[in-house]
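Notes for the one structure printed next.
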2 protein chains.
Amino acid sequence: MRPNKRDELVRNALQVFYRDGFHATGMDKLVAETGVSKTSMYKHFRTKEELIVAALRLRDENFRNWFYGRIDALAETPAQKLLASFDALGEWFEEDGYRGCMFIKAGAEYQDKDHPIHLEAAEHKRLLLEYFTDLARDAGAREPEKLGCQILLLKEGAIVTAVLLKSCDPARDAKEAARVLLANALPV
Amino acid sequence: MRPNKRDELVRNALQVFYRDGFHATGMDKLVAETGVSKTSMYKHFRTKEELIVAALRLRDENFRNWFYGRIDALAETPAQKLLASFDALGEWFEEDGYRGCMFIKAGAEYQDKDHPIHLEAAEHKRLLLEYFTDLARDAGAREPEKLGCQILLLKEGAIVTAVLLKSCDPARDAKEAARVLLANALPV
DNA sequence: GCAAAAGTTTACCGATCAGTACACATTGAC
DNA sequence: GTCAATGTGTACTGATCGGTAAACTTTTGC
């Protein structure tokens with residue numbers, strides 16, 4: 001198997017979808033921007049939808065690898081990691097090409113809850129919730145499911161707000177909120 | 001009064017855009033679903049973009065009127081109102097046609113920060129931030145800007161999570177988080 | 001009552017949409 | 001060297017995109 005061109009296609013398509021959106025990106029634009037012929041695209045993926053799902057799978061892998069890795073580099077204990085996740089987010093927000101969360105956008109453009117693209121977005125969020133809940137449990141929180149969900153709420157809120165508002169610093173305020181919630185969730 | 005077709009158009013178009021998305025909704029579909037002829041549409045709005053902006057303005061008015069009114073009906077003091085906002089959100093999440101925040105979706109489909117549609121979405125969030133910050137100040141918070149932003153983060157996070165995750169109760173967890181943050185923000 | 005404003009139907013424009021057909025080129029394994 | 005997989009370019013489909021033109025009908029203000 002030589003999946004060279006296929007991977008290259010998915011990698012480049014991911015960039016274009018993230019930058020321009022899903023409906024706003026036509027297959028002809030993908031031909032121009034990925035350097036892969038349309039014939040070849042449709043040999044690997046029967047529909048645009050399948051290509052989007054593949055791009056989202058790659059995005060999930062890339063993002064969580066980066067996120068978890070950055071957190072591990074910034075903190076040691078589970079409690080520290082919960083807070084460090086907002087430092088990682090803050091770095092992300094400052095990147096030039098920052099355009100929000102690809103899965104929120106995917107869920108927004110494909111709203112039908114049974115749609116494969118929507119399901120892919122939901123699975124990404126489920127994995128993040130699981131990650132935060134595990135950290136909360138390891139940190140010794142009384143109700144790890146609740147704290148994990150609250151950390152997730154702060155993260156999603158910060159991502160959205162970082163896109164739409166210039167007047168506040170979501171990563172910083174979210175981190176301080178997380179610190180308060182964490183302290184409150186630990187047994188006395 | 002005057003049975004203005006323009007208002008009827010904007011009202012119906014708003015429903016369709018919210019339900020199906022912006023790029024996914026063509027002008028021909030709007031003709032079919034609003035009962036307004038295409039000629040008449042283009043007499044009121046020169047472009048689809050202008051119609052979307054008008055729909056977003058109406059949505060902003062409708063949503064904030066409902067949101068503020070519901071909060072006023074549920075609570076009396078500023079501190080109570082900050083918490084009651086999550087009860088209002090919880091009611092919204094349970095509605096049949098709940099499809100997330102129209103402005104988050106608008107910002108996601110029109111990502112250019114100078115785009116009129118993106119600006120409209122940003123303005124909506126700015127008004128909500130102002131509202132929460134005012135409540136935080138009236139409640140006696142030490143740093144009302146910070147608490148206001150944190151409440152906003154919880155709200156946006158809850159809206160997004162309510163769309164993508166079935167396994168948790170964002171409105172409840174967000175409210176409990178807000179309670180902790182509020183208590184922590186009040187002077188001893 | 002009557003003219004203007006507002007709305008309608010129908011047909012059309014060029015561009016782009018997702019997706020296909022076909023002939024030809026490049027590559028790798030044996 | 002050859003076969004077959006994998007790639008390419010070009011041209012095409014029917015549908016839909018946002019937007020327009022022209023002729024006709026309804027509603028409204030005075």
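For the numbers below, each heavy atom of this structure counts, side chains included, while hydrogens, waters and symmetry mates do not.
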Spacing of B:E8 atom CD relative to C:dA6 atom C1', expressed in whole Å:
13 Å
Heavy-atom side-chain contact between B:R19 and B:Q15 under 4.5 Å:
no
Does a side-chain heavy-atom distance below 4.5 Å link B:Y131 with B:I151?
no
Are B:Q111 and A:K105 close enough that some pair of their side-chain heavy atoms sits under 4.5 Å apart?
yes
Rounding to an integer number of Å, can you tell me how far B:K5 NZ sits from D:dT26 P?
14 Å
Mind telling me whether A:F67 and A:F132 have parallel, tilted or perpendicular rings, with 30° and 60° as the class edges?
perpendicular
Would you kindly give the CG-to-C1' distance between B:D28 and C:dT16, to the nearest whole Å?
14 Å
Whole angstrom is fine here: how far is it from CE in A:M27 over to P in D:dT16?
18 Å
Need the bend value for the helix from C:dG1-D:dC30 to C:dC30-D:dG1: angle between end axes, 5 pairs each end, nearest 10°.
30°
Parallel, tilted or perpendicular, as decided by the 30° and 60° cut-offs, for the rings of A:F22 and A:Y110
perpendicular
Going by heavy atoms in the side chains, are A:L9 and A:L51 under 4.5 Å from each other?
yes
Please list, in numerical order, the residues of residues 29-43 of chain B that have a heavy atom closer than 4.0 Å to any atom of DNA chain D.
B:K38, B:T39, B:Y42
Using ring-ring contact (aromatic ring centres under 6.0 Å, His included), reason through B:F63 and B:W92 one step at a time and then give a plain yes or no.
CA-CA 10 Å; B:F63 179 82; B:W92 180 31; 5.0 Å; yes
Within residues 46-54 of chain A, residues whose heavy atoms come under 4.0 Å of DNA chain C:
A:T47, A:K48
Flag this pair as yes if the NZ/CZ of B:R59 is under 6.0 angstrom from the six-membered ring centre of B:Y18 and inside a 45 degree cone about the axis; otherwise no.
yes
Could you tell me the separation between the CZ atom of A:F22 and the C1' atom of C:dC17, rounded to a whole number of Å?
18 Å
Rounded to the nearest Å, what distance is computed from the CG atom of residue B:D20 to the C1' atom of nucleotide D:dC17?
16 Å
What distance do A:F45 atom CZ and A:E50 atom CD have between them, rounded to the nearest 0.5 Å?
8.0 Å
Would you say the side chain of B:D114 lies within less than 4.5 Å of the side chain of B:L119, judging by non-hydrogen atoms?
no
Is there a side-chain polar atom (N or O) of A:H44 under 4.0 Å from OP1 or OP2 of D:dG7?
yes
Charged N to carboxylate O below 4.0 Å: is that the case for A:E145 and A:R137?
yes
